Amino acid sequence: MCSRYTLTSPPEAVRTLFGYANDAGFPPRYNIAPSQPVAIVRHGLRGQRELALVRWGLIPPWVKDPMNFAMLINARAETADVKPSFRSALRHRRCLVPADGFYEWTGRAGAKQPHLIKPKNGGLIALAGLWEHWLGADGSELETMAILTTTANAEMAAIHERMPVILTPDQFDEWLDCRSGRSQEAKKLLSPLPDRSLEITPVSKDLNNPRNDFPEVQRNMPDTLL
DNA sequence: CCAGACGTTGTT
DNA sequence: GTCTGG
DNA sequence: CCAGACGTTGTT
DNA sequence: GTCTGG
């Protein structure tokens with residue numbers, strides 16, 4: 001699963017890697033949690049890449065009352081093409097989620113140990129996402145997104161069965177281009193990141209509280225066992 | 001056909 | 001114990 | 001995911 | 001809106 005992540009790279013670095021046309025500032029985030037507004041990159045009306053802020057937690061368009069619907073923060077890559085909640089978004093509304101790393105937990109309730117997972121040499125990564133547009137009967141609108149998950153690669157398997165799909169820059173165009181209206185080619189991009197490319201470090205339990213959004217939550221806890 | 005669900009994860 | 005909010 | 005709340009009524 | 005279960 002992927003249910004918390006971080007994006008601390010400066011906006012100009014994000015824009016350079018993701019190549020969107022519009023410009024937007026955003027503060028460094030050390031502890032991004034579901035239900036919060038997050039930055040995504042998608043194709044705009046003229047096919048140009050754009051940065052948008054949407055809510056993390058996908059609400060399918062047929063939902064009557066979003067307040068009584070458990071938002072979908074992840075979508076299984078293996079089945080997203082057949083699930084009513086994701087099928088249309090996988091065809092028409094794919095996006096990238098800029099991140100510097102993501103978090104997973106080990107341990108039992110009451111002793112939850114968070115771990116930061118990021119590229120061995122640092123830097124930005126792109127999580128594969130789906131976004132959705134919800135229209136209320138009263139005219140209210142809501143844009144939301146979910147992060148795709150796949151099976152864990154070798155490093156991740158040590159702590160967790162699943163991991164978010166991470167795309168490389170050479171895959172960005174094919175993933176973002178939804179003009180064909182088909183999902184099968186895009187689905188083929190959804191594999192685990194190759195082994196030996198990520199590093200996992202235990203971090204401060206301060207991370208557990210989503211209200212703690214400051215650099216110290218990423219403090220390395222070297223003595224902590226996996 | 002209509003009614004009712006539509007999701008993931010981890011844990012039990 | 002279970003749901004909601006972040 | 002984890003943390004934190006978990007309720008109703010009437011009044012401002 | 002679309003799929004599944006009855």
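Since this is a predicted model, take the numbers as computed values, not measurements. Residue numbers begin at 1 in each chain, while the letters A, B, ... track the order of the sequences.
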Under-4.0 Å side-chain N/O to phosphate OP1/OP2 contact, A/Arg162 with B/dT8: no

Is the phosphate of B/dC6 approached by A/Lys64 (side-chain N or O, under 4.0 Å from OP1 or OP2)? no

Those residues at least two apart in sequence (or on a different chain) that pass salt bridge (Lys or Arg N to Asp or Glu O under 4.0 Å) with A/Lys187 are A/Asp81

In whole angstrom, give me the gap between the P atoms of D/dG7 and C/dG5. 11 Å

Any heavy-atom pair between the side chains of A/Leu58 and A/Phe86 that's under 4.5 Å? yes

The dot-bracket string of DNA chain D, counting Watson-Crick and G-U wobble pairs with both distances under 3.5 Å, using [ ] for crossing pairs and | for pairs to another strand, is ||||||......

Anything under 3.5 Å between a donor and an acceptor, one on a side chain of residues 175-182 of chain A, the other on a protein residue two or more places apart or in another chain? List them.
from: A/Trp175; atom 1: NE1; to: A/Cys95; atom 2: O; distance (Å): 2.7
from: A/Asp177; atom 1: OD1; to: A/Arg179; atom 2: N; distance (Å): 3.0
from: A/Asp177; atom 1: OD1; to: A/Arg179; atom 2: NE; distance (Å): 3.0
from: A/Asp177; atom 1: OD2; to: A/Arg179; atom 2: NE; distance (Å): 3.4
from: A/Asp177; atom 1: OD2; to: A/Arg179; atom 2: NH2; distance (Å): 2.8
from: A/Ser180; atom 1: OG; to: A/Arg182; atom 2: N; distance (Å): 3.0
from: A/Arg182; atom 1: NE; to: A/Glu185; atom 2: OE2; distance (Å): 2.9
from: A/Arg182; atom 1: NH2; to: A/Glu185; atom 2: OE2; distance (Å): 3.0

Rounded interatomic separation in angstrom, taking CZ from A/Phe69 and P from B/dT8: 11 Å

Could you note down all residue pairs passing side-chain hydrogen bond (donor to acceptor under 3.5 Å, both in side chains) where residues 141-153 of chain A supplies at least one of them, sequence neighbours left out? A/Arg42-A/Glu143, A/His133-A/Glu141, A/Thr149-A/Arg162

Contact residues, residues 78-100 of chain A to DNA chain E [heavy atom, < 4.0 Å]: A/Pro84, A/Arg87

Does a nitrogen or oxygen in the side chain of A/Asn74 sit under 4.0 Å from OP1 or OP2 of B/dG7? no

Sort me out a list of protein N/O and nucleotides 3-6 of chain C N/O pairs below 3.5 Å, or just none if empty.
from: C/dG6; atom 1: N7; to: A/Pro34; atom 2: O; distance (Å): 3.1
from: C/dG6; atom 1: N7; to: A/Ser35; atom 2: OG; distance (Å): 2.7
from: C/dG6; atom 1: N2; to: A/Arg4; atom 2: NH2; distance (Å): 3.4

Classify the nucleic acid contact of A/Trp62 as base, sugar-phosphate or nothing, counting any heavy atom under 4.0 Å across all strands shown. base

